[in-house]
Amino acid sequence: MDDCIVFDDAAVARGGTRIWQHGTFSIETGSVTAIVGTNGTGKTTMMQVELGLIPLAAGRVTVLGEPAGRANDRIGYVPQSYTDDIDSSLTAEQSVLLGLTGTRFGIHPVTRAQRAKAREAMRFVGVEDKARMRLSQLSGGLRQRVAIAQALVCDPQLLMLDEPLANLDLASQRSVVHVLARLNRELGTTIQVVAHDLNMLLPILTGAVYLLDGHPHYAAMDDVLDSTLLTHLYGTRVQVVTTPQGDMFVTPNALDERDGAVPDTHDVEEVAEFHDHDHHGRQHTDPKEVA
Ligand SMILES: Nc1ncnc2c1ncn2[C@@H]1O[C@H](COP(=O)(O)OP(=O)(O)OP(=O)(O)O)[C@@H](O)[C@H]1O
């Protein structure tokens, strides 16, 4: 399989501060990857770098075979809190059409072909019957699916979603995950998702980029589901539980609650187990390699 996203010793700074550095990893075409890390570690920044919206302080990032930013017409992007920010007096269909017309200002004669394309995207995410409803009339879950339809309407090869499950009830989270699974399986779309809670996404994830101690790393899902690594990623002690049916989920360590303990999972030496740097400043990407 070829690579969809390639980081080569990439670093980024914001407001004069290095957010992360020494990012060297590849993400395969056709994969479903989470970007994981505690608040402020630079997950949204990573997506903005991939879109070429923020320049790199060092290194290179290639997306869909081109330098970051050049392939944006083949990328669908659903920003964080997008559904809160968009004009909620728009109808679902008008909102999806924005994915084709690009702006809500000015008069945009909509062609029959564009309308058909918008309907197709709405059908895919299951909101076709809501086309004429205003966003303000829709639930958070339906608005998120409209936002995904808007990102889909240009037939992207890569879909990037920043916290698409935040503030959604369980049923709405499931339906969004179901849409992502079908997109990946039926259309072969590569998917990248910023997520704080991995549980709902576990059945579809193939790997994760995790931001730890100022470095991005990539690991396949089997390696990510290591309780010690996850404990550092979540910033609190967690365990991975497997049900008799074989489903896995991540849960806070019950013993801590009983003891009233407040574990410090940011110990520098412990975190250092999960990455190591050779003399070229590159980190090993497999946590098992260095643990
Ligand atoms: N426009 C900006 N100018 C300067 N610094 C910024 C800007 N936007 C974000 N930052 C800083 O960059 C760092 C990374 O921010 P980013 O939003 O990428 O983190 P995140 O991991 O997505 O956080 P969260 O989980 O809270 O959404 C933070 O320390 C933040 O304060």
Side-chain angles (χ1 to χ4, degrees), residues 5-25 27 32-61 63 68-69 72 75-86 140 143-144 147-148 151 158-168 172-173 176-177 180 190-202 205 207-219 224 229-238 250 252 264-266 268 271 274-275 283 285 287:
I5 300 171
V6 181
F7 275 55
D8 179 11
D9 203 17
V12 72
R14 298 194 89 155
T17 307
R18 276 277 159 121
I19 306 297
W20 40 255
Q21 58 188 343
H22 299 313
T24 299
F25 57 86
I27 294 176
V32 183
T33 311
I35 301 179
V36 200
T38 46
N39 286 127
T41 43
K43 302 179 294 294
T44 298
T45 300
M46 179 165 282
M47 285 196 163
Q48 290 171 334
V49 161
E50 290 168 355
L51 289 163
L53 301 175
I54 300 179
L56 287 169
R60 271 174 301 276
V61 171
V63 181
N72 287 3
I75 300 175
Y77 177 44
V78 183
Q80 190 170 10
S81 312
Y82 178 74
T83 55
D84 298 337
D85 298 339
I86 191 171
R143 280 203 299 272
Q144 188 60 272
I148 294 173
L158 168 63
L159 179 65
M160 304 195 329
L161 308 103
D162 198 341
E163 303 217 24
L165 307 183
N167 302 319
L168 298 189
S172 301
Q173 290 187 24
V176 168
V177 172
L180 299 182
T190 306
I191 297 177
Q192 199 178 43
V193 188
V194 171
H196 273 289
D197 185 354
L198 290 179
N199 280 328
M200 286 306 276
L201 292 162
L202 283 181
L205 288 177
V209 173
Y210 57 95
L211 288 152
L212 199 60
D213 201 24
H215 307 287
H217 309 256
Y218 173 81
V224 175
L229 170 60
L230 284 173
T231 284
H232 292 298
L233 288 179
Y234 277 82
T236 188
R237 209 143 50 205
V238 296
V250 182
D264 175 5
T265 64
H266 288 104
V268 175
V271 169
F274 292 96
H275 63 83
Q283 84 270 16
T285 49

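Counting starts at 1 for both ligands and their atoms, following the listed order. When reading the values below, keep in mind they use all heavy atoms of this one structure, side chains included, and skip hydrogens, waters and symmetry mates.
Atom 10 (N) of ligand 1 has as its closest protein heavy atom Arg14 CD, 3.8 Å. Looking only at protein heavy atoms, the nearest one to atom 23 (O) of ligand 1 is Gly40 N, 3.0 Å. Remark: minimum distance from atom 21 (O) of ligand 1 to any protein heavy atom is reached at Lys43 NZ, 2.8 Å. Ranking protein heavy atoms by distance to atom 26 (O) of ligand 1, first place goes to Asn39 ND2, 3.0 Å.
Short contacts between ligand 1 and Thr45, defined as distances under 4.0 Å to a heavy atom of the residue, involve ligand atoms 14 (C), 15 (O), 16 (P), 18 (O). Within the listing of ligand 1, atoms 25 (O) sit less than 4.0 angstrom from a heavy atom of His196. Each of the following atoms of ligand 1 lies closer than 4.0 Å to a heavy atom of Gln80: 27 (O). Counting the atoms of ligand 1 from 1 in the order shown, those under 4.0 Å from a heavy atom of Ile19 are 12 (O), 13 (C), 14 (C).
At least one N or O atom of Gly42 sits closer than 3.5 Å to an N or O atom of ligand 1.
A donor-acceptor pair under 3.5 Å is absent between the side-chain atoms of Lys43 and the main chain of Val193, judged by distance alone. With hydrogens and angles disregarded, no donor-acceptor distance shorter than 3.5 Å links the side chain of Asp9 to the backbone of Gly59.
A search for side chain to side chain contact (heavy atoms under 4.5 Å, CB included) contacts involving Ala10 returns Phe7, Trp20, Leu56, Val61, not counting sequence neighbours.
Put simply, CD1 on Ile54 and CD on Gln48 are 4.0 Å apart, with the number rounded to the nearest 0.5 Å.
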### Message
Could you go through Gln80 and Met47, starting from their C-alpha distance and side-chain angles, then the distance that decides it, and tell me whether this counts as side chain to side chain contact (heavy atoms under 4.5 Å, CB included)?
### Response
CA-CA 11 Å; Gln80 190 170 10; Met47 285 196 163; over 6 Å; no
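Between Val194 and Met46, every side-chain heavy-atom pair lies at or beyond the 4.5 Å cut-off.
Distance remark: protein heavy atom present below 4.0 angstrom from atom 16 (P) of ligand 1.
Within a 6.0 Å radius of CG in Asn167, other residues, nucleotides and ligands contribute 12 heavy atoms or fewer.
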